[in-house]
Amino acid sequence: MGDTLEFNEIYQEVKGSWNDGRLRFSKQNVVYKSSKTGKVDSIQASELNQAQWRRVCLGHGIKLSTSTGHVYKYDGFRDTDFEKISDFFKTNYKLEVTEKDMCVKGWNWGTAKFSGPLLSFDINDNSAFEIPLSNVSQCATGKNEVTLEFHQNDDTEVSLMEVRFYVPPSQADERQDPVEAFAQNVLSKADVIQATGDAVCIFKELQCLTPRGRYDIRIYPTFLHLHGKTFDYKIPYTTVLRLFLLPHKDQRQMFFVISLDPPIKQGQTRYHFLILLFSKEEELSLTLNMSEEDVERRFEGKLSKNMSGSLYEMVSRVMKALVNRKITVPGNFQGHSGAQCITCSYKASSGLLYPLERGFIYVHKPPVHLRFEEISCVNFARGTTTTRSFDFEIETKQGNQYTFSSIEREEYGKLFDFVNAKKLNIKNRGFKEGMKGKIDEYSDSDDDQHDAYLERMKAEGKIREEGNDSDDSDSGSDESFNPGEEDDDIAEEYDSKASASNSSDEGDESEDESAKKKKVKKVKVVKEKKERKPRKEKKQKDTGGPKRPMSAYMLWLNASRERIKSENPGISITEISKKAGEMWRQIGKDEKEEWETKAGEAKRQYDKAKKEYNESGGGSSSAVSKKESKKSGGKKEEKKRKSAGGEKERERVGNESFKSKEFIETSESSSDSDHKSKSKRKKKESDEEEEEAASTPASSEEDSD
């Protein structure tokens, strides 16, 4: 057996919602990672004290209890996994995995047992159901009744709102009310937000970007209280997923981001991130509302009773100690301007994109956090409005696409190197790379891959640096944005309006050069015209002849159609033909031969009738009559065209016979000019003939002499 056991598609119940993930058993610990949130639960092997194997709704599940009082339940195992897990626990954890049956009787009376963070309802020592007390949001008591209300989860289609328990009066111990005892057991482990006691510390008037406004933040031992002018929010520390401390691009401000799951709610709005904005210049002296012994015992040196420093440092330090989570800061990435972020736009609002060591985070409206493990591929696309910027597209494995637009093209080189170093699949590196990415998501990217766009940008940068003082022209090259794909350098030329110059020679030379370029570029290829083949004349259908005989299948179908309809009432015409085809294929040879003989007999009768029809001259006479009708139709059309032409000619002559005074004068002047031009032409021709006669040698006369 190996050192580890790994299982995929293992489910964990979170407030009524099943979240899938991966579970790994190793010699040192048990690790579960949620696919949805990326949250990691790690259980040390030394803390495990009980393991139960149970039959649950999603196959089989395992319930792990620790010495610290925590309970972890994971479902989705197969029945065959029990032997492997049991042997692994015996070998590495020295722990026996016991099989425990669940009660499925459906009874609603039993015994309520409180074991750590669980309330178990048992019937005959078998558990019917269990309630994680951390899901309880409120507990109310009545005369003999206890009502439990639960936190709601937006990801679930159906949510459990409340459960009521009837607690019968106890006669054995009259000093303690059983209802109150039941409620106290629930409230001791429930996630009920009660602002009892004093806050550990209070931060006044902090600027908050989401939800927008200025809030007083009161830090309690188990939750965070945001108190604003209009709204109040209470955030349990158990809902905090991650903490981020991000420097602003101006190097004068800091973002402190708190990722929440489930999010805080205000009406129909959900806030998955709490974003605070601090100025680096703000200082604060903080005194915790606790004794020094309590601070030392609870926070183990992470905090002290009296602290001073920058405001953002104080807030982040207190939150890290109370939530017990690491603070994520930007890694080694540096943009073109030296900042650790990139200015861009997302959903028509401008913000900052931070490339982190294990993902990307965008602040602030709306905030987006994308982990590398949930990214399918990234894409560098050309900006839609201008060539001075580009778009950075991220596609997740769930099919969602995030487009960060209007990124300055000077940032491309740094961002491309970062993505390449993190081995993310780049969509537009070329077809070969894309195919590799589809086959193996974890394959290494080629560092030596030729990047045409990056080289072109570097070259353009050098040209701009060299030609800052000269204003030559506004025209430039414009190529398709496709990094990593080698292509011919084909530039489109845009004619700009040149300024007026004194020397016309320079203009002529530039025109000649542009004309030469155009001649070189545009070479027309003359295609040889293919001779069209004459259309074949359609065969004329002889309507007077005998009809063709039916095939064996059609004869059988006509005979069986009514039977098929009666056996299948309401069947359509197309379904009848499908059904008939299936039935015909299943018919035996003997029955088919019967219909084939009938078809053969019909064929012989058709041949005989066709022969008699042709001998009587039926087919030829009909064809001749059709040809004659066509000819007569053609003659009629010619007569119509001639008659129409004659009418037009008569109209023209009639119009010429009647002329107005103005028309006569203009026509006479025009006729005089025509007459003069004709006489000049005739005179010129006669002069040319005389010159030819004079120039030709009198060869005939010399011969006679």
Taking the side chain as C-beta and beyond, is there a heavy-atom pair between Lys33 and Arg22 under 4.5 Å? yes
Of Val315, Leu245, Ile327, the one forming a side chain to side chain contact (heavy atoms under 4.5 Å, CB included) with Lys320 is Ile327
Intermediate values then yes/no, side-chain contact (heavy atoms from CB on, under 4.5 Å), Thr222 and Thr238 | CA-CA 8 Å; Thr222 57; Thr238 54; over 6 Å; no
Residues Ile375 and Lys397: closest non-hydrogen pair is O-CE, 3.9 Å
Is it true that a side-chain atom of Ser285 and a backbone atom of Ser308 form a donor plus acceptor pair closer than 3.5 Å? no
**OP:** Measure from the ring center of Phe360 to the ring center of Phe372 and say whether it is less than 6.0 Å.
**Re:** yes
Discussion item. What verdict does the side-chain contact (heavy atoms from CB on, under 4.5 Å) test give for Leu370 and Thr396, after you've listed the backbone C-alpha separation in whole Å, the side-chain angles of each residue and the deciding distance to 0.1 Å?
Written reply: CA-CA 8 Å; Leu370 298 167; Thr396 63; 4.0 Å; yes
In short, Leu260 meets Tyr271 closest at the heavy-atom pair CD1-O, 4.1 Å
Value for CD1 (Ile85) from CG (Leu23), rounded to nearest 0.5 Å, stands at 7.5 Å
Is Gln253 close to Leu277 at the side-chain level, that is, under 4.5 Å between some pair of heavy atoms? yes
Candidate pair Lys422 and Glu357, rule salt bridge (Lys or Arg N to Asp or Glu O under 4.0 Å), full reasoning: CA-CA 8 Å; Lys422 296 300 178 184; Glu357 286 301 312; 2.8 Å; yes
Check your understanding: Do Val368 and Ile361 touch side chain to side chain, with heavy atoms closer than 4.5 Å?
Key -> no
Interatomic distance, CG@Leu64 vs OH@Tyr32, rounded to 0.5 Å, equals 12.5 Å
Starting from the C-alpha separation in whole Å, work towards a yes-or-no answer on salt bridge (Lys or Arg N to Asp or Glu O under 4.0 Å) for Lys73 and Glu13.
-> CA-CA 8 Å; Lys73 294 188 289 183; Glu13 186 266 333; 5.5 Å; no
Check your understanding: Are Glu395 and Lys427 within salt-bridge range, i.e. N to O under 4.0 Å?
Key -> yes
- Message: Would you say NZ of Lys347 has more than 12 non-hydrogen atoms from neighbouring residues, nucleotides or ligands within 6.0 angstrom?
- Response: no
From the list Val200, Ile202, Leu224, side chain to side chain contact (heavy atoms under 4.5 Å, CB included) with Arg218 holds only for Ile202
Atom CZ of residue position Arg24 - does it have more than 12 heavy atoms of other residues, nucleotides or ligands inside 6.0 Å?
no
So OG1 of Thr403 and CG of Asp391: to nearest 0.5 Å the spacing works out to 6.5 Å
* **His225 and Phe223 aromatic ring geometry - parallel, tilted or perpendicular at 30°/60° bounds** => tilted
**Whether Tyr402 and Tyr346 hold their rings parallel, tilted or perpendicular, with breakpoints at 30° and 60°** = tilted
side-chain contact (heavy atoms from CB on, under 4.5 Å) for Tyr72 and Lys63? Distances and angles first, verdict last. CA-CA 6 Å; Tyr72 301 89; Lys63 176 184 173 184; over 6 Å; no
Answer with yes or no whether the side chains of Thr343 and Lys249 bring together a donor and an acceptor at under 3.5 Å. yes
Original post:
How about Leu243 and Lys326: do any of their side-chain heavy atoms sit closer than 4.5 Å?
Top reply: no
Taking the side chain from Ser26 and the backbone from Asn29, do they hold a donor-acceptor pair closer than 3.5 Å? yes
Inset, instruction - Go through the steps for Asp216 and His227 under the test side-chain hydrogen bond (donor to acceptor under 3.5 Å, both in side chains), then give the verdict. - result: CA-CA 5 Å; Asp216 293 341; His227 176 68; 5.3 Å; no
Between Met319 and the options Ile217, Ile258, Leu276, the side chain to side chain contact (heavy atoms under 4.5 Å, CB included) test singles out Ile258
Short side-chain to backbone donor-acceptor contact, Lys39 and Ser34, under 3.5 Å
no
**Asked** Can you tell if the side chain of Thr210 reaches within under 4.5 Å of the side chain of Leu274, non-hydrogen atoms only?
**Response** no
Nearest heavy-atom contact between Phe299 and Met290 is CE1-SD, 3.9 Å
- Query: Judged by atom type as modelled, is there a donor-acceptor pair below 3.5 Å linking the side chain of Asp250 to the main-chain atoms of Arg252?
  - Reply: yes
(message) Can you confirm whether Glu9 is buried at CD, in the sense that more than 12 heavy atoms of other residues, nucleotides or ligands lie under 6.0 Å from that atom?
(response) no
Do Asn306 and Thr287 get their side chains close enough for a donor-acceptor pair, meaning under 3.5 Å? yes
Heavy-atom nearest pair, Glu205 first then Arg214, reads O-NH1, 3.1 Å
Point to revise | Aromatic ring proximity, centroids under 6.0 angstrom, Tyr11 and Tyr74 | key: no
| request: Would you please classify the geometry between the Tyr412 ring and the Phe390 ring as parallel, tilted or perpendicular, with 30° and 60° separating the classes? | output: perpendicular
>> Heavy-atom count check: over 12 atoms from other residues, nucleotides or ligands less than 6.0 Å from Gln207 CD?
In response: yes
| With distance as the sole criterion, is a donor-acceptor pair present between the side chains of Thr68 and Thr66 under 3.5 Å? | yes
Take the angle between the ring planes of Tyr362 and Phe404 and call it parallel below 30°, perpendicular above 60°, tilted in between.
tilted
ask   = Any side-chain heavy atom of Ser350 sitting closer than 4.5 Å to one from Ser345?
value = yes
When rounded to the nearest 0.5 Å, the distance separating CE of Met314 from CD of Glu283 is 9.0 Å
Pair Phe7 and Phe77, ring centroids less than 6.0 Å apart
yes
Check: Phe256 ring centre within less than 6.0 Å of Tyr312 ring centre:
no
Note: Gly38 and Glu373 closest approach over all heavy atoms is CA-OE2, 4.2 Å
- Query: Is the centre of the Tyr215 ring less than 6.0 Å from the centre of the Phe203 ring?
  - Reply: no
**Prompt:** Sub-3.5 Å donor-acceptor pair from the side chain of Glu411 to the main-chain atoms of His336, do we have one?
**Reply:** yes
- Do the ring planes of Phe380 and Phe392 sit parallel (below 30°), tilted (30 to 60°) or perpendicular (above 60°)? tilted
Exercise for review: Verify side-chain contact (heavy atoms from CB on, under 4.5 Å) between Gln251 and Lys280, making sure each step is shown before the conclusion.
Suggested key: CA-CA 8 Å; Gln251 302 298 326; Lys280 284 186 176 182; 4.0 Å; yes
- prompt: Side chains of Glu393 and Gln401: do they bring a donor and an acceptor to under 3.5 Å?
  reply: yes
Heavy-atom nearest pair, Val31 first then Ser42, reads CG2-OG, 4.1 Å
Practice problem: Side-chain contact test, heavy atoms from C-beta onward, threshold under 4.5 Å: evaluate it for Arg298 versus Leu322 and give yes or no. | Solution: yes
Can you check whether His369 and Phe244 have ring centres sitting under 6.0 Å from each other?
yes
message = Does atom CZ (Arg212) have a neighbourhood of more than 12 heavy atoms from anything else shown, all under 6.0 Å?
response = no
Q. Side chains of Lys414 and Phe333: does their closest heavy-atom pair fall under 4.5 Å?
A. yes
- Using a distance-only test with no angle check, is there a side-chain donor-acceptor pair under 3.5 angstrom linking Gln12 and Asp41? yes
